[in-house]
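The block underneath contains the structure these notes are about, expressed in structure tokens.
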Amino acid sequence: MNQTDTTDTPISMDDLMALCKRRGFIYQASEIYGGINGFWDYGPLGAQLKRNLADAWWNDVIMMGCSGRTGPNGKPVRIVPLDTCIIQNPKVWEASGHVGGFNDPMVDCRETKSRYRADHLMVLREAGASEGRGYAFMENDEEQLARAMKLLGKYLRKDIAESDVSVTPLVSLPKEQIADLVGPGVKDPGTLTEPRAFNLMFKTYIGATATEDDVAYLRPETAQGIFINFKNVIDTMRVRVPFGIANIGTSFRNEVTPRNFTFRSREFEQMECEFFCHPSESREWYEFWRDYRMDWWESIGLKGDNLRLREHDEDELAHYAKEGAGTADVEYRYPFTYPDFGELEGVADRANFDLTSHQTASRAKMEFFDQERNERYVPHCIEPAAGLSRGVLAVLCEAYTPDPNRPSKVFMKFHPRLAPIKAAVFPLVNKEGMPEIAEKLHADLHQRFGRRGFVELDVKQNIGKRYARMDEAGTPFCFTIDGDTSSDHAVTVRHRDTLEQERIGLDAVGEWLEGKLGG
RNA sequence: GCGGGUGUAGUUCAGUGGUAGAACGUCAGCUUCCCAAGCUGAAUGUCGCCGGUUCGACUCCGGUCACCCGCUCCA
């Protein structure tokens with residue numbers, strides 16, 4: 001059992017955020033101007049950490065085809081990369097359903113301060129009544145319905161049965177009737193606002209004139225860029241179904257309430273893949289991706305009780321997920337969701353919803369002619385959509401390990417592959433030839449590993465302080481040159497997680513580190 | 001968007017109607033042969049921002065921004 005498994009209280013987000021600031025992982029965006037809600041900047045170590053995570057995904061998923069796994073068809077998995085624009089023709093978002101879906105009208109209650117999705121509110125009235133007093137309740141909420149029945153009976157001064165009432169959607173009522181409604185949990189009418197749209201897509205204007213004709217949207221997901229290029233990729237890359245197209249990119253959502261550090265930001269990065277397959281094979285590919293993605297997150301360090309795979313219930317399937325098809329979330333138990341879990345990645349069987357929508361809207365053929373089957377069809381699609389920003393956050397949360405027995409009181413237990421600082425080189429004392437050996441070793445290691453992360457050289461202050469700094473930065477290994485090095489040509493390796501030390505040859509350090517870093 | 005809370009050096013926090021401190025960290029020097037030790041010295045804040053009251057505000061009032069908690073939302 002490792003330390004994570006025995007954790008029964010979450011770490012403090014305040015402490016984690018303080019460390020992120022202190023050590024240069026994440027800063028509040030526009031901090032010197034008072035900040036800006038929902039945006040975060042990555043500092044030097046955070047930027048490298050994020051890049052390492054993105055590289056791990058890019059290399060494993062795309063270049064190595066699911067880490068070299070064999071697909072359910074017994075063959076290697078083929079994935080090609082793509083990089084598409086943040087701004088696309090607005091018709092893309094109409095076809096994808098985002099313009100509609102992102103404009104959900106909401107109703108606020110002035111009394112209870114609650115907010116409801118207008119299309120989820122139902123109105124209970126006396127049968128046959130088309131106006132006057134009504135009682136609003138959330139659909140499928142038995143408790144609210146029972147209360148509404150009781151209040152309506154009281155208002156009408158009679159016992160009522162189900163046959164005495166009618167239920168109509170709130171959105172079907174004329175606006176002026178909203179004032180006659182009694183909201184959930186309220187006694188008197190008039191507390192509900194008219195339905196108002198909250199657009200979650202950032203709007204902008206193309207060209208300098210900025211009229212409504214020039215409206216465009218910042219993408220709320222990278223997936224649509226893949227779907228609209230499906231035909232291009234098919235026509236130019238000699239790919240055959242089954243295959244996947246994947247990309248990493250920034251997306252924007254004008255969240256009502258950005259919260260929980262970087263978890264719900266207005267600007268964030270995604271790592272998405274759309275994997276196309278024959279409709280008859282979608283189930284097995286779904287299961288393949290679901291399991292692979294879970295394993296992948298474990299492989300980069302999110303092990304133990306804080307990570308889980310959760311299949312969705314039927315009633316929470318998204319609009320694009322086909323009946324009975326799979327949708328699963330890889331979830332992480334963030335400190336702010338504890339003891340619950342929050343989304344890290346969604347794996348969904350989207351059937352042919354997206355390609356068909358774009359085919360209908362654009363009239364471009366989204367079909368694939370399958371030589372082997374001698375069949376023409378619109379492929380089904382399995383979508384593993386991961387949050388890069390959320391991945392970084394989960395990695396930070398998982399790495400944060402309090403340890404009262406060490407000087408820093410806390411260390412960041414990054415997987416060596418993700419650690420922004422790969423190694424540090426210290427002369428035990430800053431004299432007697434040690435600094436010179438340290439400089440040489442540092443130069444060698446930097447030459448060899450500098451593309452993967454920082455290699456630090458630190459000669460100042462006592463060795464304890466230097467180790468402590470590296471603990472907070474999450475450096476997995478420190479190499480220390482001491483008085484014996486010049487004669488025995490060996491250095492001491494200090495392991496971050498165990499504090500253990502071992503002696504290895506000066507010339508063997510590069511190979512040794514290569515074997516530890518992974519990736 | 002609503003309600004509550006918070007906002008002082010990099011971090012964690014004191015503080016008083018008369019223009020600011022501690023600890024730790026950071027930096028420099030000495031010391032130091034393995035875990036923030038010791039000694040000496042240094043830098044750092046228009047006390048979130050704007051406005052008002054006042055002879056004078058970090059301290060009172062208003063607004064605003066940001067963060068935290070709850071509600072809502074998260075396709």
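Ring centroid separation for the pair A:Phe25 and A:Tyr42 does not come in under the 6.0 Å cut-off. Aromatic rings from A:Phe263 and A:Phe261 are positioned such that their centres are separated by 6.0 Å or more.
Distances shorter than 4.0 Å separate none of the side-chain N or O atoms of A:Asn260 from OP1 or OP2 on B:C68. Dashed line: the shortest gap from a side-chain N or O of A:Lys465 to OP1 or OP2 of B:A37 is under 4.0 Å. Applying the 4.0 Å criterion to OP1 and OP2 of B:U26, one finds that A:Arg469 has a side-chain N or O inside that range. Between A:Gln461 and the phosphate of B:A37, there is no side-chain N or O to OP1/OP2 separation shorter than 4.0 Å. Under 4.0 angstrom from either OP1 or OP2 of B:C30 there lies no side-chain N or O belonging to A:Lys431.
Residue contacts for A:Asn37: at a heavy-atom cut-off of 4.0 Å it reaches the sugar-phosphate backbone alone, with no base atom in range. If you check every strand for non-hydrogen atoms under 4.0 Å, A:Phe261 touches sugar and phosphate atoms only. At the heavy-atom level, A:Gly24 lies nowhere under 4.0 Å from the strands shown. No contact: A:Met13 has no heavy atom under 4.0 Å from any strand.
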Verdict with supporting geometry, A:Phe426 and A:Phe479, ring-ring contact (aromatic ring centres under 6.0 Å, His included): CA-CA 6 Å; A:Phe426 303 145; A:Phe479 300 100; 9.6 Å; no

Worked verdict on A:Phe477 versus A:His495 for ring-ring contact (aromatic ring centres under 6.0 Å, His included): CA-CA 5 Å; A:Phe477 309 106; A:His495 293 253; 5.6 Å; yes

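Looking at the side chain of A:Thr257, the nearest of the listed nucleotides B:G1, B:C35, B:C34 is B:G1. The side chain of A:Arg259 lies closest to B:C69, out of B:C33, B:C69, B:C35.
Put simply, the side chain of A:Thr492 never gets that close to the backbone of A:Arg503: no donor and acceptor are under 3.5 Å apart.
A donor-acceptor pair shorter than 3.5 Å can be found between the side chains of A:Tyr467 and A:Thr480. Looking at A:Arg469 and A:Gln461, their side chains do bring a donor and an acceptor atom within 3.5 Å of each other. Between the side chains of A:Asp41 and A:Gln28, not a single donor N or O lies within less than 3.5 Å of an accepting N or O. Between the side chains of A:Glu472 and A:Ser408, no donor-acceptor pair is found at a separation under 3.5 Å. Under 3.5 Å, the side chains of A:Gln224 and A:His358 contain a donor-acceptor pair of N or O atoms.
What separates CD1 of A:Ile481 from C1' of B:C33 is a distance of 13 Å, to the nearest Å. One can place CG of A:Asn430 at 14 Å from P of B:C27, the figure rounded to the nearest angstrom. In this entry the distance linking CZ of A:Phe426 with P of B:A36 reads 13 Å, nearest Å. Protein atom CD of A:Glu472 is 18 Å distant from nucleotide atom P of B:C35, rounded to whole Å. Rounded to an integer number of Å, the gap from CD1 of A:Ile463 to P of B:A36 is 11 Å. Rounded to whole angstrom, the span from the NZ atom of A:Lys409 across to the P atom of B:C35 amounts to 14 Å.
Straight-line distance between the C1' atoms of B:U11 and B:U26: roughly 11 Å, to the nearest whole Å. The separation of B:C47 from B:G7, taken at their C1' atoms, amounts to 10 Å, rounded to a whole angstrom. When the P atom is used for both B:U8 and B:C68, the distance is 15 Å, rounded to whole Å. B:A23 and B:A14 are spaced 10 Å apart, taking the C1' atom of each and rounding to whole Å.
When base pairs are accepted only as Watson-Crick or G-U wobble with both N-N or N-O distances under 3.5 Å, RNA chain B takes part in stems of 3 or more pairs at B:1-7 with B:65-71, B:10-13 with B:21-24, B:26-30 with B:38-42, B:48-52 with B:60-64.
Judged by distance alone, with hydrogens and angles left aside, A:Asn462 brings a side-chain donor or acceptor within reach of the base of B:A37, the pair sitting under 3.5 Å. No hydrogens or angles were tested; on distance alone, a donor-acceptor pair under 3.5 Å links the side chain of A:Tyr467 to the base of B:C34. With hydrogens and angles ignored, a donor-acceptor pair closer than 3.5 Å exists between the side chain of A:Arg264 and the base of B:C73. Interface remark: the A:Gln28 side chain does not form any donor-acceptor pair with the B:C67 base, using a distance-only criterion of under 3.5 Å. In the interface, the side chain of A:Glu255 is not paired with the base of B:C73 through any donor and acceptor atom under 3.5 Å apart.
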Give each protein N/O atom lying under 3.5 Å from an N/O atom of nucleotides 9-12 of chain B, with the pair distance.
residue : atom : partner : partner atom : Å
B:G10   : O3'  : A:Lys21 : NZ           : 3.4
B:U11   : OP1  : A:Lys21 : NZ           : 2.8

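Remark: A:Phe414 CZ to A:Asp497 CG distance equals 11.5 Å, nearest 0.5 Å. Atom CZ of residue A:Arg494 and atom CD of residue A:Gln501 lie 8.0 Å apart, to the nearest 0.5 angstrom.
Between A:Arg390 and A:Glu345 no salt bridge is recorded (no basic side-chain N to carboxylate O distance below 4.0 Å). Using a cutoff of 4.0 Å between basic side-chain nitrogens and carboxylate oxygens, A:Arg466 and A:Asp471 are not scored as salt-bridged.
Residues of residues 488-500 of chain A that place a heavy atom closer than 4.0 Å to RNA chain B, in numerical order, are A:Thr492, A:Arg494, A:Leu499.
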